[in-house]
Amino acid sequence: MAELFSDPPLNTVGIEKKDGAVSYRGGGTAPANGLYAGLADGAYSVGFRAHQLALADGAAGHHLFPTTVALTEITGSESFVHLRRDGVNWVAVLPGVHEFPPGHALEAALDPNDIFVFAPDGRLVAAPDPA
């Protein structure tokens, strides 16, 4: 449902929070920092906007994901980079012109303060500060 309220649609991934860590569906574990810190242990779905997904830049506290480029669309002032991760499509909107060939491996980065967390029943349980 959350995917319907964003253009491009929200990127999504399932997570499991347990014992101070977050495990992402498709692989990868990270500290339960940012908005994850306040969640009870359990399973959730996480959504994030295309503008929130960046190329890995070594920023402290970001969660990193290996991805593969499916397609790059250059709109002039932005590039829409369509990524595949564990059979799921994500889109990153990057400022400027970026040309990545299909099949190119990229490491994407996500700030855990820029996520929407949904309970299994679809209720929003955590969201970024709107300020």
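Among residues at least two apart or in separate chains, there is no salt bridge (Lys or Arg N to Asp or Glu O under 4.0 Å) pair with a member in residues 8-19. Pairs engaging residues 88-102 under the side-chain hydrogen bond (donor to acceptor under 3.5 Å, both in side chains) rule: R84-N89 [sequence neighbours left out]. Sorted by first and then second residue, the pairs that involve residues 65-75 and meet side-chain hydrogen bond (donor to acceptor under 3.5 Å, both in side chains), not counting sequence neighbours, are E73-H82.
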Name every donor-acceptor pair, under 3.5 Å, that has one atom in a side chain of residues 100-116 and the other anywhere in the protein, sequence neighbours excluded.
from: D111; atom 1: OD1; to: N113; atom 2: N; distance (Å): 2.8
from: D111; atom 1: OD1; to: N113; atom 2: ND2; distance (Å): 3.3
from: D114; atom 1: OD2; to: Q52; atom 2: NE2; distance (Å): 2.9

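Residues meeting the ring-ring contact (aromatic ring centres under 6.0 Å, His included) test with Y36, sequence neighbours left out: H63.
Of all the heavy atoms in G26 and D86, the pair that sits closest is CA-OD2, 3.1 Å. Residues V13 and R25 approach most closely at CG2-O, 3.8 Å, considering heavy atoms. Between A30 and Y24, the shortest heavy-atom contact is CB-CE1, 4.5 Å. Here the shortest heavy-atom pairing between T12 and V88 reads O-CG1, 4.1 Å. Across all their heavy atoms, P8 and V93 have their closest contact at CG-CG2, 4.4 Å. Y44 approaches A119 most closely through the heavy-atom pair CD2-CA, 4.2 Å.
Side-chain atoms of S79 come within 3.5 Å of backbone atoms of G96 as a donor-acceptor pair (strictly under, hydrogens ignored).
Summarising the geometry, atom CG belonging to L94 is positioned 11.5 Å from atom OG belonging to S77; distances are rounded to the nearest 0.5 Å. Between R85 atom CZ and L53 atom CG the span is 10.5 Å, to the nearest 0.5 Å.
By the 4.5 Å heavy-atom criterion applied to side chains, V69 and L83 are counted as neighbours.
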